[in-house]
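One structure is given here, and the rest of the page talks about it.
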Amino acid sequence: MAKAPRSKKAPSKSPAEDSDFILHSLQDALEKDRRYDASKEQLLHFYEQMLLIRRFEERAGQLYGLGLIGGFCHLYIGQEAVAIGLQSALDGDKDSVITGYRDHGHMLAYGIDPKVIMAELTGREAGISKGKGGSMHMFSTEHKFYGGHGIVGAQVALGGGLALAHQYNDDGGLCLAYFGDGAANQGQVYETMNMAALWKLPIVFVVENNQYAMGTAVGRSSAETEFHRRGTAFRIPGMDVNGMDVLEVRQAAEIAFKHVRDGKGPVLMECNTYRYRGHSMSDPAKYRTREEVQDIREHKDPIEGIKKVLLENGSTEDELKAIDKDIRKTVTEAADFAENSPEPEAAELYTDVLVEEY
């Protein structure tokens with residue numbers, strides 16, 4: 001027998017307890033002050049890290065063209081502000097990160113040596129996954145970076161497991177689980193959101209909305225294109241963030257991470273960003289015009305944005321050029337290290353296949 005409909009009652013909760021208020025409260029907090037108040041040292045660090053990702057990915061694209069990187073290769077050019085803004089706010093001793101297969105930038109944002117990342121891209125023994133992960137499947141338990149996953153959306157469910165481990169172990173950590181607009185319609189994403197909300201898991205779901213998924217504009221593939229609203233059914237507060245502004249991303253991270261660390265459950269953050277290259281190196285990106293990409297580069301580039309802030313805060317063009325020169329040298333050294341490193345021995349094929357002990 002069906003239940004009788006509930007009678008409507010006058011609201012008895014305070015605004016702070018009301019579910020609708022809670023769903024909007026984080027966005028309201030961001031609207032009050034959208035930009036993180038960074039010191040000059042922090043601004044320089046953000047600039048250096050974003051520039052490192054840009055130059056590293058440009059070199060990776062060159063090595064792919066030379067045949068030194070095989071398989072798929074998904075570059076992070078244009079999206080640098082997301083990884084740097086978010087991961088600069090993490091506690092490296094406690095928190096965990098998991099993402100999809102566009103993962104080079106996230107590893108660099110975590111401060112992992114560019115040499116071992118480039119060695120992994122080129123399939124060398126010195127790579128962070130011993131040359132067996134390649135571009136899409138990097139992993140570092142030491143840095144609490146759990147991949148690099150090729151199955152679209154699968155990393156979100158695994159991120160839920162990481163968050164459950166943080167909660168179970170009471171270690172004070174949270175999980176940052178990235179996925180793209182192309183993965184946003186996967187069922188496992190919403191199964192994970194439901195459980196995360198039920199159990200108040202310490203997890204921040206981050207949609208890196210680069211507008212085109214593998215090659216289809218969001219308006220053609222998603223009925224609801226405001227991805228930060230996707231958690232509403234599970235009472236998960238959402239945040240709409242400009243992913244091309246590292247200071248806004250960092251400010252959003254401060255708000256979201258505090259909410260999670262206070263035991264209030266998950267947050268869904270949408271970082272609106274843009275990839276300048278194709279979905280992968282084999283994608284000619286004919287679904288958009290060159291003029292569109294050029295317009296984003298000229299008016300919304302995340303690195304040029306932070307560069308402008310630095311110049312306004314007293315940095316000089318010569319100082320910033322010197323930073324770029326040093327980073328180019330670092331990337332060149334990483335590429336040389338990778339090219340001169342040996343490939344794994346054949347016996348390495350048999351390692352890391354099964355867990356021998358728990």
Side-chain angles (χ1 to χ4, degrees), residues 44-84 86-88 90 92-93 95-150 178 277 280-281 303 320-349 351-352:
L44 282 169
H45 182 67
F46 294 159
Y47 178 71
E48 290 170 357
Q49 290 297 98
M50 287 197 291
L51 201 55
L52 174 61
I53 294 174
R54 179 72 58 90
R55 299 298 179 233
F56 182 96
E57 294 290 66
E58 288 171 348
R59 191 56 177 266
Q62 293 172 0
L63 294 182
Y64 187 92
L66 294 170
L68 292 170
I69 296 175
F72 291 100
C73 184
H74 307 82
L75 302 180
Y76 202 63
I77 297 173
Q79 300 181 213
E80 298 92 350
V82 178
I84 297 303
L86 289 172
Q87 288 172 230
S88 63
L90 290 175
D93 295 326
D95 301 327
S96 58
V97 172
I98 192 166
T99 187
Y101 41 77
R102 196 181 306 278
D103 57 357
H104 318 157
H106 302 93
M107 295 205 87
L108 289 166
Y110 235 167
I112 298 172
D113 188 347
K115 290 181 179 178
V116 299
I117 301 174
M118 194 70 86
E120 187 60 40
L121 289 177
T122 53
R124 307 303 169 121
E125 185 180 14
I128 199 160
S129 296
K130 302 177 185 176
K132 296 187 290 185
S135 168
M136 297 170 63
H137 302 288
M138 296 192 212
F139 205 91
S140 174
T141 53
E142 178 188 353
H143 293 86
K144 295 183 173 58
F145 183 88
Y146 295 96
H149 291 271
Y178 293 95
R277 302 292 182 91
S280 69
M281 285 297 296
I303 295 175
L320 300 184
K321 284 180 181 178
I323 291 172
D324 192 7
K325 184 178 179 180
D326 287 344
I327 286 172
R328 288 178 186 273
K329 180 182 177 183
T330 296
V331 170
T332 296
E333 289 173 352
D336 291 344
F337 173 80
E339 290 182 50
N340 294 314
S341 295
E343 294 183 354
E345 297 289 339
E348 189 62 44
L349 287 169
T351 65
D352 304 321

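- Using a 4.5 Å cut-off on side-chain heavy atoms (C-beta onward), V331 and P114 make no contact.
- For H104, there are no ring pair (Phe, Tyr, Trp, His ring centres under 6.0 Å) partners at least two apart in sequence or on another chain.
- At a threshold of 4.5 Å between non-hydrogen side-chain atoms, the residues I112 and M138 do not count as touching.
- Applying the salt bridge (Lys or Arg N to Asp or Glu O under 4.0 Å) test to pairs two or more places apart or on separate chains, none has a residue in residues 108-123.
- Looking at residues two or more places apart in sequence or on another chain, you find no side chain to side chain donor-acceptor pair (under 3.5 Å) involving S129.
- Taken from NZ in K329 to CG in D336, the straight-line distance is 11.5 Å, to the nearest 0.5 Å.
- Take Y101 and apply the side chain to side chain donor-acceptor pair (under 3.5 Å) test, not counting sequence neighbours, and it matches H279.
- For E343, there are no salt bridge (Lys or Arg N to Asp or Glu O under 4.0 Å) partners at least two apart in sequence or on another chain.
- Using modelled atom types and a 3.5 Å distance limit, the side chains of T351 and E348 yield a donor-acceptor pair.
- To the nearest 0.5 Å, the span separating CG on L52 from OG1 on T330 amounts to 7.0 Å.
- If you take CD1 on I53 and CD on Q49, they are separated by 7.0 Å, rounding to the nearest 0.5 Å.
- Considering only residues two or more places apart in sequence or on other chains, D95 meets the salt bridge (Lys or Arg N to Asp or Glu O under 4.0 Å) condition with R261.
- The closest side-chain heavy-atom distance from Y64 to L68 is not below 4.5 Å.
- Listed by first and then second residue, the salt bridge (Lys or Arg N to Asp or Glu O under 4.0 Å) pairs that reach into residues 56-82 are R54-E80, R55-E58, sequence neighbours excluded.
- Taking all atoms of both residues into account, the shortest heavy-atom contact from G123 to P344 is O-CD, 3.2 Å.
- Nearest heavy-atom pair, A126 versus A119, reported as atom, atom and distance to 0.1 Å: C-CB, 3.9 Å.
- Applying the ring pair (Phe, Tyr, Trp, His ring centres under 6.0 Å) test to every pair with at least one member in residues 117-141, sequence neighbours left out, gives these pairs: F139-Y146.
- Within the model, atoms NZ of K144 and CD1 of I98 stand 14.5 Å from one another, a figure rounded to the nearest 0.5 Å.
- Proximity of V82 to Y178: side-chain heavy atoms (C-beta onward) are separated by under 4.5 Å at one or more points.
- For the residue pair L75 and G61, the shortest heavy atom distance occurs at CD1-CA, 4.1 Å.
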TODO: Just do the side chain to side chain contact (heavy atoms under 4.5 Å, CB included) check on L320 and L44 with the steps written out, would you?
DONE: CA-CA 9 Å; L320 300 184; L44 282 169; 4.3 Å; yes
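- Checked against salt bridge (Lys or Arg N to Asp or Glu O under 4.0 Å), D352 has the following partners two or more places apart in sequence or in another chain: K130, K132.
- Scanning for ring pair (Phe, Tyr, Trp, His ring centres under 6.0 Å) contacts around Y76 gives H106, with sequence neighbours left out.
- Considering all non-hydrogen atoms of both residues, D103 and S135 come closest at OD1-O, 2.5 Å.
- When the shell of 6.0 Å around CZ of F72 is examined, it contains 12 or fewer heavy atoms from other residues, nucleotides or ligands.
- The nearest pair of heavy atoms linking S140 to I128 is CB-CD1, 3.7 Å.
- Of the possible polar contacts, one joining the R124 side chain to the S341 backbone as a donor-acceptor pair under 3.5 Å is found.
- Rounded to the nearest 0.5 angstrom, I84 CD1 and Q79 CD are separated by 12.5 Å.
- Shown here are the ring pair (Phe, Tyr, Trp, His ring centres under 6.0 Å) partners of F145, two or more places apart in sequence or in another chain: there are none.
- Within the 4.5 Å cutoff, the side chain of F56 has heavy atoms near those of the L121 side chain.
- Once rounded to the nearest 0.5 Å, the distance linking CD1 of I69 with OG1 of T122 reads 6.5 Å.
- Between V97 and L90, the shortest heavy-atom distance links the atoms CG2-CD1, 3.5 Å.
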- [ ] Apply side chain to side chain contact (heavy atoms under 4.5 Å, CB included) to the pair E339 and L63, showing each step before the final yes or no.
- [x] CA-CA 9 Å; E339 290 182 50; L63 294 182; 3.7 Å; yes
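- Contacts of S280 classified as side chain to side chain donor-acceptor pair (under 3.5 Å), with partners at least two apart in sequence or in another chain: S282.
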